[in-house]
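Down below is the structure, laid out as structure tokens.
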2 protein chains.
Amino acid sequence: MNDIYALLEKNNLSRTPCRVEILKTLSQAGSALSESEIRDKLEYNFDRTTVYRTLRNFLNQNVIHSISLEGGEVRYAMTPAKDKPHGTHHVHFYCNNCSGVYCISHKPFDTPGLPVGFYPENFDLLVHGKCNKCNA
Amino acid sequence: MNDIYALLEKNNLSRTPCRVEILKTLSQAGSALSESEIRDKLEYNFDRTTVYRTLRNFLNQNVIHSISLEGGEVRYAMTPAKDKPHGTHHVHFYCNNCSGVYCISHKPFDTPGLPVGFYPENFDLLVHGKCNKCNA
DNA sequence: TTATATTTGCAACAAGGTTGCAAATATAGT
DNA sequence: ACTATATTTGCAACCTTGTTGCAAATATAA
């Protein structure tokens, strides 16, 4: 709880109920959540707009990040502390069984060669497979 | 043009105007297109629904594939012939300058180690940077 | 305690995508 | 050629995700 307050202060964000609840929800969730999943989990029923605006603020300040899945689905998750400022190699894992999305962002990986004239700046890798819970 | 007819036949899809036009558009386009970009380029004005249904058919048969970008934007592109049946390593390039999306699907790459219990099945890598046109 | 800035809710909207149903086309079967 | 059947198309309606404008509420500063 104190880490949430600290995180807000570090980013010059006032301690509003919606912000606190969203951060609490995201940090308690084991995996990345969609906006509607987040809103369902909030204690108080904030308006959709308010939640979206709060998420956008968090995204801008890199407090959270978004993961885009196949078919345009978007999930939101806390940005791991070590990732600030955000590195260039991002890894996420999508479980084909339970649809859970996990940040594996601290794992570096080798990047492929590209055709002549293409210069890479950063890399987003989405690994599909079975997560630890679904394999147990 | 004959390759398009052949592609349809190979997938047991009848040669309907909408199918032919969409495949023509996608194979002429240098980069992946969104549904609205596709529809704008079609000679005849097909209904949105028809285009979506056609795209869905093509996706199911792996004639085309979709690429999900940051923020939930989805683009569609021909599946390169060599990729059928689709492999496990997919690479796409997003140009930060012109927003073009290119398939680099024939490039293999090394995949990262994963936490215990996570078993990978396939990999989608989106490389961000500057494309060959924007660097020229 | 007034003045100002921030946050919230509401209504409305836009884009992407889907579904149901009926009209139009094509494909067979005889 | 002529029904009978299946496929494709268009239209209207709808859902979800996300945004914008504006006014009310709340917090912050002077």
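Chain identifiers are assigned alphabetically (A, B, ...) following the order of the sequence lines, protein sequences preceding nucleic acid strands; residue numbering begins at 1 within each chain. Side chains included, hydrogens not; waters and symmetry mates left out as well; all remaining heavy atoms used.
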Counterpart residues, side chain to side chain contact (heavy atoms under 4.5 Å, CB included), relative to B:T49 (two or more places apart): B:D47, B:R53

Whole-Å distance between [N] [atom2] and [X] [atom1]?
X     : N      : atom1 : atom2 : result
B:N45 : D:dT9  : CG    : C1'   : 14 Å
B:Y44 : D:dT9  : OH    : C1'   : 8 Å
A:L42 : C:dG9  : CG    : C1'   : 15 Å
A:I22 : C:dT7  : CD1   : C1'   : 12 Å
B:L59 : C:dG16 : CG    : P     : 16 Å
A:L55 : C:dT8  : CG    : P     : 12 Å
B:D40 : C:dG16 : CG    : C1'   : 14 Å
A:N57 : C:dT8  : CG    : C1'   : 13 Å

How does protein reach along nucleotides 14-30 of chain D, written 5' to 3' as B (base within reach of a heavy atom under 4.0 Å), S (only sugar-phosphate), or - (no contact)? ---BBBBB---------

Determine whether the side chains of A:N122 and A:H90 contain a donor N or O and an acceptor N or O closer than 3.5 Å. no

B:E35: which residues meet the salt bridge (charged side-chain N to carboxylate O under 4.0 Å, His left out) condition with it, sequence neighbours left out? B:R39

What pairs of residues pass the ring-ring contact (aromatic ring centres under 6.0 Å, His included) test when at least one of them lies in residues 11-46 of chain B, not counting sequence neighbours? B:Y44-B:F46

Going by ring-ring contact (aromatic ring centres under 6.0 Å, His included), name the pairs with one or both residues in residues 16-36 of chain B, residues two or more places apart or in two chains. none

Checking C:dT8, D:dT9, C:dG9 against the side chain of B:C18 (C-beta onward), the nearest is D:dT9

Apart from A:F109 itself, residues in the same hydrophobic cluster as defined by side-chain heavy atoms under 4.5 Å: A:V91, A:F93, A:Y102, A:I104, A:L114, A:F118, A:F123, A:L125, A:V127, B:V91, B:F93, B:Y102, B:I104, B:F109, B:L114, B:F118, B:F123, B:L125, B:V127

